[in-house]
Asks: 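This is the structure I have questions about; it appears just below.
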2 protein chains.
Amino acid sequence: MKTVSRVINNDPTVKPKNLEKVQQAIAKTGYRRNAFARGLRARQSLMIGLLYEQAEGEYPANILAGALAACRERGYHLMVEVVKGDSMLNSARDFLLQMNFDGVILTPPVCDNPDVIGFLNENDIRYVRISPLNSLPLGHEIGIDDEQAGHALVEHLITLGHRKIAHILGDEGHRATIQRLAGYRRAHDEAGLSFPEGYVVGGGFSSEAGFEGARKLLALDDPPTAIFASNDECAAGVLACAQAYGVRVPDELSVVGFDGSIIADLVHPTLTTMVQPTQAMAAEAVRMIVDARESTERKTLPIEMRVSKSTAACRT
Amino acid sequence: MKTVSRVINNDPTVKPKNLEKVQQAIAKTGYRRNAFARGLRARQSLMIGLLYEQAEGEYPANILAGALAACRERGYHLMVEVVKGDSMLNSARDFLLQMNFDGVILTPPVCDNPDVIGFLNENDIRYVRISPLNSLPLGHEIGIDDEQAGHALVEHLITLGHRKIAHILGDEGHRATIQRLAGYRRAHDEAGLSFPEGYVVGGGFSSEAGFEGARKLLALDDPPTAIFASNDECAAGVLACAQAYGVRVPDELSVVGFDGSIIADLVHPTLTTMVQPTQAMAAEAVRMIVDARESTERKTLPIEMRVSKSTAACRT
DNA sequence: CTGAAAGCGCTTACAG
DNA sequence: CTGAAAGCGCTTACAG
């Protein structure tokens with residue numbers, strides 16, 4: 001009785017009686033459809049590929065967790081692969097041609113590799129780019145509004161009475177770096193505030209960059225009363241520097257981070273930060289692949305500020 | 001010419017001339033073997049399953065990274081799945097029966113679920129348990145020697161002149177918790193030192209537990225000069241507590257963590273810690289699955305102490 | 001509404 | 001050393 005296939009695939013044209021009989025037999029024998037046979041014959045593989053350049057760290061882990069949860073709900077499976085080296089494409093090609101994924105999720109910086117994108121377009125493989133540097137005409141994209149986020153953080157500091165707010169930039173060339181700075185600028189403009197050139201210092205997304213940036217800022221003749229760090233790690237470096245130089249946070253200096261990472265709650269004082277919905281982004285990517293109606297979809301996910309103990313009213 | 005299969009599979013009985021011809025054709029057309037067809041027909045699937053209960057966090061991310069790197073070297077692919085709920089087995093069964101993995105990697109606490117282990121044994125699926133609570137007669141196991149690690153950390157503190165060393169325990173019921181305590185005890189015994197009952201406090205693997213534990217310890221009539229925290233997060237909580245109570249680290253209090261996690265370098269002062277070879281453990285698990293000669297293999301990986309700024313010579 | 005046949009792209013014995 | 005056939009376990013049209 002090869003009606004079994006129909007039952008498994010929820011074919012509505014099966015007599016209720018037979019349906020029940022088959023379902024019972026399945027339950028009894030513990031039968032599970034072989035994914036390889038199905039993947040070979042059917043159009044859909046029920047598999048999604050997740051491409052990283054680097055799998056270590058909190059960000060990739062959250063992407064993974066979000067994607068896994070979303071796959072689970074839909075009966076999809078997730079295969080992860082690291083692509084790197086001088087040619088990301090060579091590294092990815094094997095993976096992509098061997099499995100016929102229903103779609104792949106590209107995390108930064110893989111999502112910005114033109115070779116990989118071109119290959120996916122040519123081979124008509126569906127993909128979602130997470131937090132890409134630039135928007136492209138084809139393919140799905142998911143991100144947050146970094147400009148708005150930067151604006152909100154600085155606005156929070158202004159509301160607390162701060163007038164001397166500095167910014168430590170993120171890694172060069174990142175869209176997030178440029179946009180967060182733009183938000184910083186707009187918040188100043190809207191409040192009718194200006195800031196000296198020396199208040200925006202180069203840095204990066206690391207605690208070392210934060211330490212070094214804070215060192216420069218605190219050594220200024222007219223030091224800031226608040227620092228908007230590029231991200232939470234950077235902010236942790238700012239805290240370490242403040243402590244090393246005897247500057248009390250938040251009494252003498254307010255600090256804000258970005259990302260809402262675990263470390264924001266582990267440092268002392270705990271950081272005010274902008275929570276990125278990393279897991280939600282990955283879940284949304286899965287949804288786009290599975291449900292995709294259009295061939296190109298862009299989505300900006302909402303962010304949320306988490307106010308904690310590293311920011312306080314300005315006392316000077 | 002169906003010699004192609006032989007070429008791909010490195011069959012030595014192929015004429016060099018034909019071999020070359022086929023290889024060139026492959027290079028030219030960009031042909032890749034279909035993984036589903038292969039998986040369906042062949043004994044090996046070239047796929048390894050990785051089972052988590054939770055995918056968020058640094059530990060799972062490191063497991064993933066280590067496993068991916070090892071898979072990559074061997075042409076294997078990794079499929080990740082979250083199993084949870086009241087019955088882990090129900091959650092895992094689908095996954096395990098649908099794909100015929102060459103083996104699965106079980107992370108804590110999945111590796112300690114008797115139902116899952118029993119199922120794997122029954123269905124003759126190869127598996128490796130990472131840092132299991134207890135050793136079992138069947139299956140592969142990988143871990144570290146927590147007793148030795150705890151011993152080494154406490155010995156380090158004793159060498160620095162500390163005589164009043166406290167310990168904040170990890171989560172209850174964990175083998176690591178029990179063994180690290182045993183190491184703490186042995187180091188005291190060997191040095192001819194004793195410690196009051198109040199020096200070993202309940203806690204857990206969280207920064208909250210560290211804060212709370214430190215609060216109790218610092219409030220003692222005869223407070224310790226050094227604290228061995230259950231792990232780095234716990235140690236971060238200890239640092240936060242010390243700072244809150246105005247106890248300077250390491251001048252007045254030395255603190256050691258465990259794990260060698262990122263946060264050890266983000267807190268201030270940076271933590272002396274015991275580096276767990278998490279990625280190496282996962283890589284070793286892949287190796288065991290792929291190369292496995294025996295059906296049961298146990299391996300204990302070496303650990304390494306990383307001395308940093310949270311420990312100093314005792315000044316009292 | 002259900003069954004029998006063909007075929008997805010490989011590998012595995014078996015002939016030659 | 002190489003080719004032709006069978007079959008892995010499904011799904012997809014096509015008959016009935």
Side-chain angles (χ1 to χ4, degrees), chain A residues 1-49 74-77 79 93-103 123-126 290, chain B residues 1-49 74-77 79 93-103 123-126 290:
Chain A
M1 206 191 290
K2 296 287 170 75
T3 318
V4 174
S5 181
R6 289 186 239 268
V7 173
I8 293 168
N9 293 299
N10 296 316
D11 190 321
T13 72
V14 178
K15 259 194 192 155
K17 202 177 167 185
N18 286 331
L19 192 149
E20 202 177 323
K21 226 196 295 187
V22 173
Q23 281 174 335
Q24 282 186 3
I26 289 176
K28 198 172 165 188
T29 49
Y31 165 87
R32 305 291 142 132
R33 164 173 63 194
N34 181 302
F36 291 90
R38 185 190 195 284
L40 179 58
R41 191 63 177 86
R43 292 273 170 81
Q44 302 182 84
S45 63
L46 298 183
M47 286 194 195
I48 292 176
R74 293 169 173 79
Y76 271 70
H77 292 299
M79 190 163 273
R93 202 196 310 259
D94 277 33
F95 187 52
L96 295 173
L97 290 180
Q98 280 183 40
M99 317 283 154
N100 59 329
F101 291 114
D102 290 350
N123 291 70
D124 210 34
I125 300 171
R126 180 173 291 176
V290 176
Chain B
M1 208 191 290
K2 296 285 170 76
T3 318
V4 174
S5 182
R6 287 188 239 269
V7 173
I8 294 169
N9 293 300
N10 297 315
D11 190 321
T13 72
V14 177
K15 259 194 193 156
K17 202 177 167 184
N18 287 332
L19 192 148
E20 202 179 323
K21 225 194 298 187
V22 173
Q23 280 175 337
Q24 280 185 3
I26 288 175
K28 199 172 164 187
T29 49
Y31 165 87
R32 305 292 142 131
R33 163 173 65 194
N34 181 301
F36 292 90
R38 183 187 197 285
L40 179 59
R41 190 64 177 85
R43 292 274 170 82
Q44 301 183 85
S45 63
L46 297 183
M47 286 195 196
I48 292 175
R74 294 170 173 78
Y76 271 70
H77 292 299
M79 189 163 274
R93 201 197 311 259
D94 277 34
F95 187 53
L96 295 172
L97 290 180
Q98 279 183 40
M99 318 282 153
N100 57 329
F101 292 113
D102 290 351
N123 291 71
D124 210 34
I125 299 171
R126 180 173 290 177
V290 176

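Note: hydrogens, waters and symmetry copies are ignored here, and every other heavy atom, side chains too, is used. Per chain, numbering begins at 1; letters A, B, ... match sequence-line order.
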Asks: Closest nucleotide of DNA chain D for A:Q44 versus for A:A37: which of these residues is on the 5' side?
Replies: A:A37

Asks: Got a sec, which residues hit side-chain contact (heavy atoms from CB on, under 4.5 Å) with B:R32, two or more places apart in sequence or on another chain?
Replies: A:R93, A:D94, A:L97, A:Q98

Asks: Any side-chain N or O of A:R33 below 4.0 angstrom from OP1/OP2 of D:dC10?
Replies: no

Asks: Donor-acceptor check, side chain of B:D102 to backbone of B:L46, threshold 3.5 angstrom: yes or no?
Replies: yes

Asks: Taking atom P of C:dC8 as reference, at what distance in whole Å does atom CD of A:Q98 sit?
Replies: 20 Å

Asks: Would you write the dot-bracket representation of DNA chain C, where each base gets (, ), [, ], | or . depending on whether it forms a Watson-Crick or G-U pair under 3.5 Å and with which partner?
Replies: |||.||||||||.|||

Asks: Over how many whole Å does the gap from B:F36 atom CZ to D:dC10 atom C1' extend?
Replies: 12 Å

Asks: Under the rule for side-chain hydrogen bond (donor to acceptor under 3.5 Å, both in side chains), what residues qualify as partners of A:Q44, not counting sequence neighbours?
Replies: A:Y76

Asks: Heavy atoms, side chains only, cut-off 4.5 Å: are A:L96 and A:I125 in contact?
Replies: yes

Asks: Looking at A:R32, I'd like to know whether one of its side-chain N or O atoms comes within less than 4.0 Å of OP1 or OP2 on D:dG9.
Replies: no

Asks: Taking only the side-chain heavy atoms of A:R38 (C-beta and beyond), determine which of C:dG9, D:dC10, C:dT11 contains the nearest atom.
Replies: D:dC10

Asks: What is the distance, to the nearest angstrom, from the CG atom on A:L40 to the P atom on D:dC8?
Replies: 13 Å

Asks: Which whole-number value in Å describes the distance from A:E20 CD to C:dC1 P?
Replies: 16 Å

Asks: Let me confirm one number: the CE-CE distance from B:M47 to A:M99, rounded to the nearest 0.5 Å.
Replies: 3.5 Å

Asks: Rounded at 0.5 Å granularity, tell me how far CD1 in A:I48 sits from CE in A:M79.
Replies: 12.0 Å

Asks: How close or far is atom P of D:dC10 from atom CE of B:M99, stated in whole angstroms?
Replies: 12 Å

Asks: How long is the span from the CZ atom in A:F36 to the CZ atom in B:R38, to the nearest 0.5 Å?
Replies: 9.5 Å

Asks: Send over the distance from A:L97 CG to C:dG9 C1', rounded to a whole Å.
Replies: 14 Å

Asks: With the side chain of A:Y31 defined as its heavy atoms from C-beta on, choose the nearest nucleotide among D:dT12, D:dC8, D:dC10.
Replies: D:dC10

Asks: Nearest-Å distance, CG (B:N34) to C1' (C:dG7)?
Replies: 13 Å

Asks: Verify the contact: side-chain N or O of A:R41 to OP1 or OP2 of D:dT12, cut-off strictly under 4.0 Å; return yes or no.
Replies: no

